[in-house]
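Below: one structure, written as structure tokens.
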Amino acid sequence: MWRTMSVGHRCFGFRSVGIKGLWGSLAVRRYSAPAFPADPITALQAAHLWRKHFEEMGVTEPDHSSNYIIAYLLGAKTIESLEKGKLTDFLSQEKTKQIWKLCTRRLSRMPVQYVIEEWDFRDLTLKMRPPVFIPRPETEELVDLVLSDLEMKLRLGAGDDAQLTSLEVGCGSGAISLSLLKSLPQLKAIAVDQSKDAVDLTIQNASRFGLQDRLQVYHIDVTKDAEALLNLRKPVSVLVSNPPYLFSKDMASLQPEIYRFEDHAALDGGEDGLKVIRHILTLAPKILSNHGHVYLEVDPRHPQLIQQWVEVNVEEMHYVGTRCDINSRPRFCILQKDESNKDHQAGFGLRN
């Protein structure tokens with residue numbers, strides 16, 4: 001499986017450093033590829049050559065970058081999974097040209113996910129293209145959390161009388177909704193995004209996995225057209241979102257891979273990172289069925305702020321709990337519609 005390699009700002013090989021320092025160091029370098037080999041070379045030789053060149057040019061995670069690209073072009077997920085013969089046999093000139101073409105894209109700091117135009121998310125290999133937001137490992141944990149609770153709900157018999165439906169706000173490539181649909185045949189889903197590129201890519205990925213009949217996708221910006229969202233259909237069982245949640249001031253610390261290529265609207269959550277989240281939570285009581293839940297992926301600074309804000313501003317919702325990600329950071333917020341049943345959080349698989 002393609003894996004996201006580090007835990008910086010939610011993407012492949014990105015660490016948080018000052019953008020001015022990066023631009024200053026990169027500005028004096030030209031993105032020229034190494035000379036095309038005059039004689040045939042092996043995949044291992046190409047990987048070594050490009051790793052060294054990436055290092056010299058300051059490309060993040062040079063080893064992983066060259067290995068993933070070359071493995072992809074040779075029909076594998078990783079270099080390690082390739083047969084030894086494929087690594088040591090001489091490459092055709094056409095295959096060598098493809099390696100030079102894709103590695104030169106990475107040299108421009110284009111994320112590997114965009115370079116190879118696909119990336120794995122749980123058990124799905126999603127098509128990827130800029131500027132659609134690249135799904136990160138934390139979001140796999142969000143899907144696992146939602147699935148665990150929905151499966152328990154089904155085992156307890158809840159939802160038998162009504163169609164189980166999820167709504168995803170900010171679908172990007174469709175990673176969350178498509179993972180939920182693949183794991184739960186009983187589920188139908190609605191997905192919306194402010195980006196037409198994201199909507200188109202989600203539709204493409206849904207067709208790729210044969211899930212298009214159970215997914216409705218709409219081009220809606222919830223911060224500008226709440227009425228369009230409310231008019232979509234009857235109440236849903238689950239509202240899930242990995243919204244833009246970076247503080248605006250933190251946008252300046254993004255690595256070039258993110259800053260140059262990914263949609264800023266999918267990243268920038270406003271001054272306190274809560275601009276879109278507040279809209280989602282304000283709309284949630286009008287969208288959810290009784291006892292319906294909201295699942296949010298947020299910045300670790302957000303859970304307490306969200307809990308305090310909801311208690312003051314959205315009386316129909318109450319805060320169920322916070323879950324930490326694999327790195328023990330408070331990452332996921334769970335809320336429920338049903339202010340009269342505060343102790344419901346003890347059930348449905350949720351704990352404070």
Side-chain angles (χ1 to χ4, degrees), residues 138-171 175-181 183-184 186-192 214-216 222 226 229-230 232-243 245 274 276-298 302-311 313-325 330-352:
E138 295 92 337
T139 308
E140 296 191 13
E141 298 177 57
L142 174 64
V143 171
D144 290 338
L145 176 62
V146 176
L147 280 175
S148 176
D149 290 342
L150 285 177
E151 288 167 352
M152 178 173 288
K153 182 177 181 180
L154 289 169
R155 286 197 299 272
L156 295 174
D160 286 347
D161 298 329
Q163 174 64 55
L164 198 62
T165 307
S166 66
L167 167 66
E168 180 185 4
V169 176
C171 57
I176 293 175
S177 289
L178 295 175
S179 292
L180 293 174
L181 288 171
S183 298
L184 287 177
Q186 308 94 324
L187 184 69
K188 288 192 176 181
I190 301 168
V192 304
R214 294 162 53 207
L215 176 66
Q216 302 173 48
V222 298
L229 187 67
L230 297 175
L232 288 183
R233 59 158 288 137
K234 61 185 179 181
V236 301
S237 315
V238 169
L239 194 165
V240 59
S241 182
N242 175 20
Y245 60 64
L274 294 173
V276 177
I277 291 171
R278 279 192 287 265
H279 281 278
I280 291 172
L281 294 175
T282 299
L283 292 168
K286 304 173 185 177
I287 296 169
L288 289 169
S289 57
N290 198 30
H291 304 309
H293 283 74
V294 175
Y295 298 83
L296 298 172
E297 179 180 327
V298 300
H302 280 150
Q304 185 174 1
L305 296 175
I306 290 173
Q307 182 173 4
Q308 293 170 346
W309 186 85
V310 167
E311 288 174 354
N313 295 282
V314 192
E315 64 179 20
E316 302 95 332
M317 300 293 297
H318 72 266
Y319 196 87
V320 172
T322 303
R323 301 293 175 271
C324 292
D325 61 23
R331 178 67 67 185
F332 311 110
C333 297
I334 306 161
L335 301 97
Q336 179 187 358
K337 178 183 177 180
D338 184 7
E339 62 175 357
S340 65
N341 193 9
K342 302 290 187 182
D343 60 354
H344 187 66
Q345 58 191 299
F348 200 50
L350 304 175
R351 302 180 301 277
N352 282 318

With a 4.5 Å limit on heavy-atom distance, are the side chains of [X] and [Y] in contact?
{"X": "L305", "Y": "V298", "result": "no"}
{"X": "I176", "Y": "V146", "result": "no"}
{"X": "W309", "Y": "L274", "result": "no"}
{"X": "K153", "Y": "S237", "result": "yes"}
{"X": "V314", "Y": "P285", "result": "yes"}
{"X": "H291", "Y": "Q336", "result": "yes"}
{"X": "L288", "Y": "V236", "result": "yes"}
{"X": "L296", "Y": "L281", "result": "yes"}

Heavy-atom pair of closest approach, residues [X] and [Y]:
{"X": "D325", "Y": "E138", "value": "OD2-CG, 4.1 Å"}
{"X": "I287", "Y": "L167", "value": "CG2-CD2, 3.6 Å"}
{"X": "M317", "Y": "V310", "value": "O-CG1, 3.7 Å"}
{"X": "Y319", "Y": "P303", "value": "OH-CB, 3.5 Å"}
{"X": "L215", "Y": "S177", "value": "CD1-CB, 4.1 Å"}
{"X": "V222", "Y": "V192", "value": "CG1-CG2, 4.4 Å"}

Side chain to side chain contact (heavy atoms under 4.5 Å, CB included), that's the test. Do T282 and N313 meet it? Break it down for me.
CA-CA 8 Å; T282 299; N313 295 282; over 6 Å; no

Over 12 foreign heavy atoms within 6.0 Å of CD, Q308
yes

Any chance you could measure [X], atom [atom1], to [Y], atom [atom2], to the nearest 0.5 Å?
{"X": "L180", "Y": "D144", "atom1": "CG", "atom2": "CG", "answer": "9.5 Å"}
{"X": "S241", "Y": "I277", "atom1": "OG", "atom2": "CD1", "answer": "7.5 Å"}
{"X": "H293", "Y": "L335", "atom1": "NE2", "atom2": "CG", "answer": "9.0 Å"}
{"X": "H318", "Y": "I334", "atom1": "NE2", "atom2": "CD1", "answer": "11.0 Å"}
{"X": "L142", "Y": "R331", "atom1": "CG", "atom2": "CZ", "answer": "11.0 Å"}
{"X": "L145", "Y": "L150", "atom1": "CG", "atom2": "CG", "answer": "9.5 Å"}

Could you tell me whether a side-chain N or O of S179 sits under 3.5 Å from a main-chain N or O of A175, the two making a donor and an acceptor?
yes

Can you check whether L181's main-chain N or O pairs, donor with acceptor, with R214's side chain at less than 3.5 Å?
yes

Whether the Y245 and E297 side chains hold a donor-acceptor pair (N or O, under 3.5 Å, no angle test) is what I'd like checked.
yes

Please determine whether side chain to side chain contact (heavy atoms under 4.5 Å, CB included) holds for the pair L184 and L154, giving the CA-CA distance in whole Å, both sets of side-chain angles, and the decisive distance to 0.1 Å.
CA-CA 10 Å; L184 287 177; L154 289 169; 4.0 Å; yes

